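Below, read A as the first sequence line, B as the second, and so on, with proteins coming before strands; counting in each chain starts at 1. From a predicted model like this one, the values you see are computed outputs, not experimental measurements.
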Amino acid sequence: MTDTAQEIRKEASEEGKLDYSKTLYLPQTEFPMRAGLPKKEPELVARWQEMGLYKQLRDDAKDRPLYVLHDGPPYANGNIHIGHALNKILKDVITRSFQMRGYNANYVPGWDCHGLPIEWKIEEQYRAKGKNKDEVPVNEFRKECREFAAHWIEVQTEEFKRLGIEGDFDQPYTTMNFHAEARIAGELLKFAKSGQLYRGSKPIMWSVVERTALAEAEVEYQDYESDAIWVKFPVKAAARDGGDASDLSDAFVVIWTTTPWTIPGNRAIAYSSRIAYGLYEVTAAENDFGPQPGEKLIFADALAEESFAKAKLEYKRLREVKAEEFAGMTCHHPLHGFGGGYEFLVPLLPGEHVTDDAGTGFVHTAPGHGREDFDVWMHHSRDLEACNIATTIPFTVDDAGFFTRDAPGFGPDREGGAARVLDDKGKKGDANRAVIEALIGADALFARGRLKHTYPHSWRSKKPVIFRNTPQWFVHMDMDLEDGTTLRSRALKAIDDTRFVPKAGQTRLRAMIEDRPDWVLSRQRAWGVPICVFADEDGNLLRDDAVDKRILQAFEAEGADAWFADGAKERFLGNEHDPASWTQVTDILDVWFDSGSTHTFTLEDRPDLKWPADVYLEGSDQHRGWFHSSLLESCGTRGRAPYETVITHGFTMAEDGRKMSKSLNNQVFPQDVMAKSGADILRLWVMNTDYWEDQRLGQTIIQTNIDAYRKMRNTIRWMLGTLTHDEGESVEYSDMPELEKLMLHRLWELDQVVRKGYDAFDFKRISRHLLDFMVLELSAFYFDVRKDALYCDAPSSLKRKAALQVVHHIFDRLVTWLAPMLPFTMEEAWLSRYPDAKSVHLEQFRECPSEWRDDALAAKWKKVRTVRRVVTGALEIERREKRIGSSLEAAPFVHITDDLLRDSIEGLDMAEICITSGISVSSRPAPAGAFTLGDVNGVSVVPAMAEGRKCARSWRVTSDVGSDPEFPDVSARDADALRELKSLGRF
RNA sequence: GGGCUGGUAGCUCAGCUGGUUAGAGCGCACGACUGAUAAUCGUGAGGUCGGAGGUUCGAGUCCUCCUCGGCCCA
């Protein structure tokens, strides 16, 4: 006899009555109802760390097929925000779910380390110390950038681990480790070697004062007074072939600009098909300089009056000019012949950016001095070349703001030397004046004035900046490659060959690739992998494998800093090449090229990964970013995408669906959620949301997930309590009651849902089905019904043993299925049930034998539950009328006139299923006034009280209470159970 | 302005190729139990399916426009 048994006896003798609760198999568990996740989760992180879970996962799965989700690298410059949390949680659920389904799902996290934002931070630190970036040796600056990135990698690593992310955090990949830098450089050299890399040019924002390129974010807009001029372009040919002799052929097209110094760079005039134009003639002139009566000019109708007024002219409108007439038209440059240059044709080009809000309706287009000018020019480059118009963009202004030889008459060839746009202090130079004088001399000036407007200024020096054509390194999108394809065609093919989840990603990426311009790789910056090539004056690349080899070996050993070290040029060129005839390029690579190359040094080079990756997963903004650059890089060097599947997620919005922002104070920080509620709550939110679209997050939504979490946790807790009494006795499937078979059938069905759900990355479908199952079928039905047998039945009861076994099956499956989603809670539950186990994360999803599937049984029990609904509905009336409290006080009459419904309950203990003490079923029609449900025909219930006494042990009201003299206050079933327990010494 | 995309009960989601009074869970209200107890069970109230037109015998589901929102460009 056990101590407990003695205690029970003792208490019983004292009170003269047994406390039967001690004789029941009530749930017992240490698994707490309240999770305390903020405290518990870090303990589990430490446990996994100590046991080396990552390594064990790899060892366990070493013979299984590899499944690789390649991590898109976050930028190493700050704490993680909600977007990082969403992203990493999704990735973690994917790798864990594949790991638990027969794969070796290795996850190697990575970081993007180079680039502008980190440079800014370091520069900011410099300024705080009164230091100037330009006075610091490049490699010292780069070293500080490296240390900065390393610091944030450490911080983010801890934050990701705290989220429950499992991966190789001891050996992540970074774009700045030496091997990565060498490989990135190597990839660039592949583009160079295959001829895909070329030197072109592009206007960029340039600060003359600082002699540096500026990014859009480094510019601020301030008020500024500019010189405005209206310039006449004589029409050369009304059609590009020169054959037309219309009334436009002796007219002028007039443009307006606030940057006269860009006139030498003019190469085209843009017009819009949405604007109404007219041909005008001057009828009277106030001045004897400038336009004179008889001159014909073309303007946008909306701007003609204002323009003529400005030039103090009277005019008449001759006729409408349709936009179509401009197609193919060419003009002379207004300075043609000046300084021996400007003899080229100036074509008119259609441009979407042209408006008739200000100016003349024609936009002076200097492709070297404006982004839109450049885009329009490049967009038409093929057409223009076909008409023998050279599309080379002149470098009219140098880095100090002086005109060059590309601006004949204004550069070094000018009397008195080159004119200057801005001086060293940022003040206007003499360039505008020189240009205006030349225009006057050429009788090309229509009018002039001044304009106050906002103009970009450097945020450091607060001085105006200019758009200036600068040599840049590009990759051809449309160059014919050796195999008859182009980079663009390869990329489009690769998009077709890739699975996109959701599908819209494919459309979006394709649209971008279809009309993107050539890929600009160069940045005039310091912190990055250099474009490690040598070029001659014309931009031709030095091609020498030996040089390349020296470069890559040096990078491998010393990092890319080697490129910037003293003597690097001579070192890499070696003895075979004359340093004087080659320029060492000092631009660095666009960071998108870095991250676009992660597949090479991570997937290809690590023996524990593979190329291509099974899946890439990032936010939808990465169609322009990582998905895009990885695709181009890989197609350019390997001919296909580095991924088989691309998954995208939306962005996290505040609760009202708007963007989270500091100013609106509606941000949610993952650190806060973890500290207050736990990482599993955040993870559950991710699981319940439609991540393919934008998601919302806020207090209400967090609370909804906390509630759902509690329900799941309590259901699992009850199973753990009940399974405390599981002694592992097995019951043959064929011997099981129908109710148990029904639950096994449901497990079989759920197994399908779960596996298909994970395959489709459709997590909300899984979590929805599992939560509904727990709430509707377990808590509210199966467990409720089976409590009587599980708590009260004798140890030998087959029903009890079968139920225990089924609960065991349910537990193992639910916990493993949910483990990828809620790794902390499921680990806690698993270890509570199996104290000697290492980790639930080393488990596989359990098989559900096809024997369990029984569709007929499920259909039958659907009807059973229909009948049950009518019974519980009737009992609710009784309860409301205070005739009963517990359903065990009732023993209703059920009249079933529907044959199918009656057949479904044939042979079943409906009292047990309805949790009443008794039930009488008849096929006779019910008397008037019987309870029915509107949506159930053929079932009526007449309530009745159960007859007999209440069993002190099971609380059922039966007529056999007291039939056993040994236990006079319990029913016969309970008396038998007590006797059996007694004989086993259980009490 | 362009490309892609979304708006179904307080919250999160189902609603397949158009077909009966639009569903679920949670929350809420009310009730029961007191042997899952800061739990559990039951019942109920919540929706002009963003708005307006149109196609159709019939539209949350198809078309057009509008509106609000998101990502990426300009």
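Taking atom CZ on A:Arg869 and atom C1' on B:C41, their separation rounds to 16 Å, with Å as the unit. Taking atom CG of residue A:Leu509 and atom C1' of nucleotide B:C71, one finds them 14 Å apart after rounding to whole Å. A:Leu933 has its CG atom 13 Å from the C1' atom of B:G42, to the nearest Å. At whole-Å resolution of the value, CG in A:Leu664 and P in B:G69 are 12 Å apart. If you take CD1 of A:Ile877 and P of B:C30, they are 19 Å apart, rounded to a whole angstrom. In this entry the distance linking CD of A:Glu889 with P of B:G42 reads 17 Å, nearest Å. The CG atom of A:Asp515 sits 11 Å away from the P atom of B:C4 (whole-angstrom rounding). Spacing between atom CH2 of A:Trp692 and atom C1' of B:U5 amounts to 15 Å, rounded to whole angstrom units.
With RNA chain B read from its 5' end, the first of the two nearest nucleotides for A:Arg508 and A:Gly885 is the one closest to A:Gly885. Remark on RNA chain B: of its neighbouring residues A:Lys711 and A:Met653, the 5'-side contact belongs to A:Lys711, judged by nearest-heavy-atom nucleotide.
Nucleic acid contact for A:Ala708: none, since no nucleic acid atom lies under 4.0 Å from a heavy atom of the residue. Among the heavy atoms of the strands, none lies under 4.0 Å from A:Thr722. Within the nucleic acid shown, A:Arg880 comes within 4.0 Å of at least one base atom, counting heavy atoms only. Among the protein residues, A:Lys787 comes within range of the nucleic acid bases, having at least one heavy atom under 4.0 Å from a base atom. Among the protein residues, A:Lys882 comes within range of the sugar-phosphate backbone only, with heavy atoms under 4.0 Å from sugar or phosphate atoms but none that close to a base. A:Trp685 comes within 4.0 angstrom of no nucleic acid atom, judged by non-hydrogen atoms across all strands. Among the heavy atoms of the strands lying under 4.0 Å from A:Leu24 is at least one base atom, whether or not backbone atoms are also near. Using a 4.0 Å heavy-atom criterion, one finds that A:Met719 contacts no nucleic acid atom at all. Within 4.0 Å (heavy atoms only), A:Gly721 reaches no atom of the nucleic acid at all. Across all strands shown, A:Glu876 has heavy atoms under 4.0 Å from base atoms, whether or not it also approaches the sugar-phosphate.
With both ends at atom C1', the span from B:A29 to B:G70 equals 36 Å, rounded to whole Å. Going from the C1' atom of B:U8 to that of B:C13 covers 10 Å, rounded to whole Å. Nucleotides B:G18 and B:A59 place their C1' atoms 6 Å apart, quoted to the nearest Å. Atom name C1', nucleotides B:C62 and B:G2: the rounded distance is 26 Å, in whole Å. Rounded to whole Å, the C1' atom of B:U55 lies 7 Å from the corresponding atom of B:C63. Separating the C1' atom of B:C28 from that of B:G47 is a span of 16 Å, rounded to the nearest Å. B:G50 and B:G60 are spaced 10 Å apart, taking the P atom of each and rounding to whole Å.
By the side chain to side chain contact (heavy atoms under 4.5 Å, CB included) test, A:Pro117 pairs with A:Tyr75, A:Asn77, sequence neighbours left out. Under the side chain to side chain donor-acceptor pair (under 3.5 Å) criterion, A:Lys799 pairs with A:Glu912, sequence neighbours left out. Among residues two or more places apart in sequence or in another chain, the side chain to side chain contact (heavy atoms under 4.5 Å, CB included) test is passed with A:Val864 by A:Trp861, A:Ser904, A:Ile905, A:Leu908, A:Met910, A:Ile913. In this structure, the side chain to side chain donor-acceptor pair (under 3.5 Å) partners of A:Asn87, at least two apart in sequence or on a different chain, are A:Lys91, A:Glu618, A:His649. Here A:Glu372 pairs with nothing under the side chain to side chain donor-acceptor pair (under 3.5 Å) rule; sequence neighbours left out. Residues satisfying the side chain to side chain donor-acceptor pair (under 3.5 Å) test with A:Asp112, not counting sequence neighbours, are none. For A:Ala977, the side chain to side chain contact (heavy atoms under 4.5 Å, CB included) partners two or more places apart in sequence, or in a different chain, are A:Ala794, A:Arg953.
Contact annotation: A:Lys659 side-chain N/O to B:C71 OP1/OP2 distance is under 4.0 Å. Within the 4.0 Å cut-off from OP1 or OP2 of B:G35, not a single side-chain nitrogen or oxygen of A:Tyr25 is found. OP1 or OP2 of B:A74 has not a single side-chain nitrogen or oxygen of A:Arg516 nearer than 4.0 Å. Contact annotation: A:Ser779 side-chain N/O to B:C41 OP1/OP2 distance is under 4.0 Å.
Checking B:G25, B:G35, B:G42 against the side-chain heavy atoms of A:Ala780 singles out B:G42 as nearest. Comparing B:G25, B:U37, B:C72 by their closest approach to the side chain of A:Met33 singles out B:U37. Of the listed nucleotides (B:A36, B:A32, B:G27), B:A36 has the atom at the smallest distance from the side chain of A:Phe783. For A:Asp784, whose side chain is taken as the heavy atoms from C-beta onward, the closest listed nucleotide among B:C4, B:C33, B:C41 is B:C41.
Judged by distance alone, the side chain of A:Arg516 and the main-chain N or O of A:Arg488 form no donor-acceptor pair under 3.5 Å.
A syn base is found at B:G46: its glycosidic angle is within 90° of 0.
For the 3.5 Å distance criterion, the side chains of A:Arg786 and A:Tyr782 fail to qualify, holding no donor opposite an acceptor.
Stacking of the aromatic ring of A:Trp955 onto the base of B:G35 is found: the ring centres lie under 5.5 Å apart and the planes are inclined by under 30°.
Taking the six-membered ring where the residue is Trp, A:Tyr616 and A:Phe627 present tilted rings, their angle falling between 30° and 60°. Relative ring orientation between A:His81 and A:His84 is described as tilted, the plane-to-plane angle lying within the 30° to 60° band. Below 30°, between 30° and 60°, or above 60°: for A:Trp519 and A:Phe593 the angle between ring planes is between 30° and 60°, a tilted geometry.
Legend: salt bridge (Lys or Arg N to Asp or Glu O under 4.0 Å) pairs involving residues 693-706 of chain A, not counting sequence neighbours: none detected. Applying the salt bridge (Lys or Arg N to Asp or Glu O under 4.0 Å) definition to pairs two or more places apart or across chains, those involving residues 770-785 of chain A are A:Arg746-A:Glu777, A:Arg768-A:Asp772, A:Asp784-A:Lys787.
Taken together, the paired segments of RNA chain B that extend over three or more consecutive Watson-Crick or G-U pairs, each closer than 3.5 Å at both contacts, are B:1-7 with B:67-73, B:10-13 with B:23-26, B:28-32 with B:40-44, B:50-54 with B:62-66.
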Nucleotide-resolved protein contact map, nucleotides 7-24 of chain B, B/S/- at heavy-atom distance under 4.0 Å: ----BBSS---------S
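When all heavy atoms are compared, the tightest approach of A:Cys951 to A:Asp974 is SG-OD1, 3.5 Å.
Checked against the 6.0 Å centroid threshold, A:Phe467 and A:Phe374 do not count as a close aromatic pair.
Side-chain N/O atoms of A:Ser887 and base N/O atoms of B:A32 include no donor-acceptor pair closer than 3.5 Å.
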Nucleotides 61-63 of chain B: which of its N/O atoms have a protein N/O under 3.5 Å away?
none

